[in-house]
2 protein chains.
Amino acid sequence: MTVRLTGRLAQRDDVPLGDRCPIDRTLQLIGNRTALLLLREVFYGASRFDSLVKRVGVTDAVAAQRLRELVEAGVLTKEPYREPGQRTRHAYVLTTAGHDLLPAVLALLQWGTAHSSGGGPIVTHADCGEPVQVEVRCAAGHVVDEDDLVVGSRR
Amino acid sequence: MTVRLTGRLAQRDDVPLGDRCPIDRTLQLIGNRTALLLLREVFYGASRFDSLVKRVGVTDAVAAQRLRELVEAGVLTKEPYREPGQRTRHAYVLTTAGHDLLPAVLALLQWGTAHSSGGGPIVTHADCGEPVQVEVRCAAGHVVDEDDLVVGSRR
DNA sequence: TGGCTGACTATGGTTTCGGCAAGTTAGACT
DNA sequence: AGTCTAACTTGCCGAAACCATAGTCAGCCA
């Protein structure tokens with residue numbers, strides 16, 4: 001196991017208490033297996049209830065519960081659609097808040113893929129075919145290393 | 001087999017079952033409140049047991065349990081250190097696998113900050129002072145929109 | 001030697017998550 | 001009218017997460 005030390009431990013430990021940030025709600029929403037897998041499948045293109053249940057491999061009861069929570073949280077919406085000879089059904093589609101979750105979901109999936117033996121799917125950019133990764137950058141476009149992060153209180 | 005994700009429902013739902021990826025281990029590790037908050041504080045610069053306990057606001061019992069799991073999973077390591085007049089203690093520092101979690105943790109924190117009323121801390125780049133954000137980019141450096149993601153089976 | 005403190009470890013109780021099983025409801029088909 | 005099915009809903013159970021409290025252990029100091 002390799003360890004990259006920052007070399008600034010003593011000073012860094014004096015950083016004051018970070019602001020409480022609303023991570024509890026985030027974790028309550030997608031901090032469970034089913035919700036995250038459901039979101040992954042929605043990102044991968046699934047939208048119908050039975051399709052999501054089959055892909056995630058969870059019981060329909062749990063899937064229904066998590067989907068309801070995701071809809072209530074404003075991450076997914078139910079869009080009515082009708083296929084010929086079928087009655088009206090509802091497709092689960094991402095809201096803008098749901099779209100904003102893409103980096104988080106992708107980052108979690110990538111870490112799991114990179115740091116365990118199982119391997120995983122390869123996600124690439126349609127325009128150029130290059131593999132996709134999640135990066136930490138500042139607004140000026142620089143790739144930011146962990147040591148260069150500054151945590152500030154809100155203005 | 002590769003599938004392009006487009007915005008169209010009918011096509012998107014035909015995407016076959018995604019590869020199983022090792023998300024269970026990931027969620028078992030950081031899919032709980034305490035582990036994620038501990039990691040956040042380590043990223044923010046904390047390293048000592050009592051400091052982490054105080055910052056996260058969790059009982060020492062739970063913190064010890066989660067820290068042990070994080071060490072066992074290879075995300076953190078215990079580095080011995082000694083302050084004058086004190087006995088040897090251990091600091092919790094990130095391994096390379098732990099460093100790789102930065103995008104995921106930051107993305108979760110950012111989503112929570114952006115999509116709830118509470119607000120949150122502002123993370124900036126030390127070199128230029130610009131706010132930091134998590135981006136999805138391909139290896140060629142393009143910012144990748146969700147509709148331009150291609151999910152392929154492993155080669 | 002005895003007290004103090006930091007870093008845990010152990011126990012018990014409540015809430016949440018997921019699996020299993022059964023029931024419900026609305027519309028299409030016969 | 002009766003059957004079938006997709007999409008849920010409800011209830012029970014075991015496991016895991018969290019909290020609170022109490023106990024342990026190792027070194028430093030008086």
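So that the names make sense, note that chain A is the first sequence line, chain B the second, and so on, each numbered from 1.
Nucleotide C/dA7 holds its P atom 18 Å from the CD atom of B/Gln65, rounded to whole Å. Nucleotide C/dG18 holds its C1' atom 15 Å from the CG atom of A/Leu36, rounded to whole Å. Between the CG atom of B/Leu38 and the C1' atom of D/dC18 there is a distance of 13 Å, given to the nearest Å. Rounded to an integer number of Å, the gap from CZ of B/Arg48 to P of C/dA7 is 7 Å. Atom pair B/Gln28:CD and C/dG18:P shows a separation of 12 Å (rounding to whole Å applied). Distance CG (B/Leu27) to C1' (C/dC17): 12 Å, rounded to an integer number of Å. The interatomic distance linking A/Glu69 (CD) with D/dC8 (P) rounds to 14 Å, in whole Å. Note: NZ (A/Lys78) to C1' (C/dA26) measures 13 Å, nearest angstrom.
If you check every strand for non-hydrogen atoms under 4.0 Å, A/Ala63 touches nothing. In this structure, B/Val53 reaches neither bases nor backbone, as no heavy-atom distance under 4.0 Å exists between it and the strands shown. A/Asn32 comes within 4.0 angstrom of sugar-phosphate atoms only, judged by non-hydrogen atoms across all strands, and of no base. B/Thr34 comes within contact range of the sugar-phosphate backbone alone, with a heavy-atom separation under 4.0 Å but no base atom that close.
Comparing C/dT9, C/dG19, D/dA7 by their closest approach to the side chain of A/Thr59 singles out C/dG19. Taking only side-chain atoms of A/Tyr81, from C-beta outward, the nucleotide of D/dT10, D/dA7, D/dC8 with the closest atom is D/dA7. Here the side chain of B/Arg89 is nearest to one of D/dA7, C/dC8, C/dG6, namely C/dG6. Closest to the side chain of B/Phe49, from the set C/dG19, C/dA7, C/dA28, is C/dA7.
Not one N or O on the side chain of A/Asp145 forms a donor-acceptor pair closer than 3.5 Å with the backbone of A/Asp148. In this structure, the side chain of B/Gln110 engages the main chain of B/Val132 through a donor-acceptor pair within 3.5 Å. Panel note: side chain B/Thr95, backbone B/Val75; a donor-acceptor pair is recorded below 3.5 Å.
Nearest-nucleotide positions on DNA chain C for A/Arg87 and A/Val62 put A/Val62 closer to the 5' end. Of the residues near DNA chain D, B/Thr88 and A/His90, the one whose nearest nucleotide (by heavy atom distance) lies more toward the 5' end is A/His90.
Using a 3.5 Å distance cut-off with no hydrogens or angles, the side chains of A/Glu146 and B/His99 do pair a donor with an acceptor. A/His142 and B/Asp127 are not linked by any side-chain donor-acceptor pair at a separation below 3.5 angstrom, with hydrogens and angles left out of the test. A donor and an acceptor atom, one from each side chain of A/Thr88 and A/Arg82, are located under 3.5 Å apart.
Regarding contacts with the backbone of C/dT9, a side-chain N or O of B/Arg68 is found under 4.0 angstrom from either OP1 or OP2. Put simply, A/Tyr92 has a side-chain N or O that comes within less than 4.0 Å of OP1 or OP2 on D/dC8. Here B/Arg66 reaches the OP1 or OP2 of D/dC18: one of its side-chain N or O atoms lies under 4.0 Å away.
Under 3.5 Å, the side chain of B/Arg33 and the base of D/dA17 form no donor-acceptor pair of N or O atoms.
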